[in-house]
Q: 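Submitted below is the structure of interest, expressed as structure tokens.
Predicted model, so just to flag it, every value in this text is computed and none were measured.
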Amino acid sequence: MSLAERIAAYREYLREVLGGLYHGMIEHPAYELIEKEAEDREDEFLLACFADAFGVPSPASYYTAELLPYLAEEFEQWERRMWDRSSVIERKGQQYHF
């Protein structure tokens, strides 16, 4: 193996290591925060649309019932998440460092 090939291999290795380090230190925590924020926004939207699923009267629920066929998968996951109070409290506690 020539010196130029060893240098190229070392550069590739270094690029991979530094890329992984950057992803682990900078990108990954940001992705987690973005995902949690998006999930919170989705929860708020679905609660505003389908509050009557939890016994909270809402006049908007009559009109937003038309959205249910389009949001059926998300609605089932959201409903399961909301009924599991320990996971909701745990997620919010992590978010606010309790």
Q: How would you list, by chain and number, every residue that makes a salt bridge (Lys or Arg N to Asp or Glu O under 4.0 Å) with Arg11, sequence neighbours excluded?
A: none

Q: Can you name the salt bridge (Lys or Arg N to Asp or Glu O under 4.0 Å) partners of Glu16, sequence neighbours left out?
A: none

Q: Once ring-ring contact (aromatic ring centres under 6.0 Å, His included) is applied, what residue pairs with a partner in residues 6-26 remain, sequence neighbours excluded?
A: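 Qualifying pairs: His23-His28.
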
Q: Taking all atoms of both residues into account, what is the closest heavy-atom pair of Ala51 and Ser58, and its distance?
A: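 Shortest heavy-atom separation between Ala51 and Ser58 comes out as CB-CB, 4.0 Å.
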
Q: Atom CD in Glu42, atom CD in Gln77: separation rounded to 0.5 Å?
A: 7.5 Å

Q: Considering only residues two or more places apart or on different chains, which pairs with a residue in residues 65-76 satisfy side chain to side chain donor-acceptor pair (under 3.5 Å)?
A: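 Listed once each, the pairs would be none.
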
Q: Less than 4.0 angstrom from a charged side-chain N to a carboxylate O is my criterion; do Arg41 and Glu37 meet it?
A: yes

Q: My understanding is that a hydrophobic cluster links ILVMFWY residues whose side chain heavy atoms are under 4.5 Å apart, including indirect links. Using that, what else belongs to the cluster containing Ile7?
A: Leu3

Q: Not counting sequence neighbours, which residues clear ring pair (Phe, Tyr, Trp, His ring centres under 6.0 Å) with Phe75? List them please.
A: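 In terms of ring pair (Phe, Tyr, Trp, His ring centres under 6.0 Å), with neighbours along the sequence ignored, Phe75 is linked to Phe50, Trp78.
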
Q: Quick one: closest heavy-atom pair of Cys49 and Leu67, and the distance?
A: SG-CD1, 4.3 Å

Q: Answer yes when Glu12 and Arg15 have at least one side-chain N-carboxylate O distance shorter than 4.0 Å, and no when they do not.
A: yes

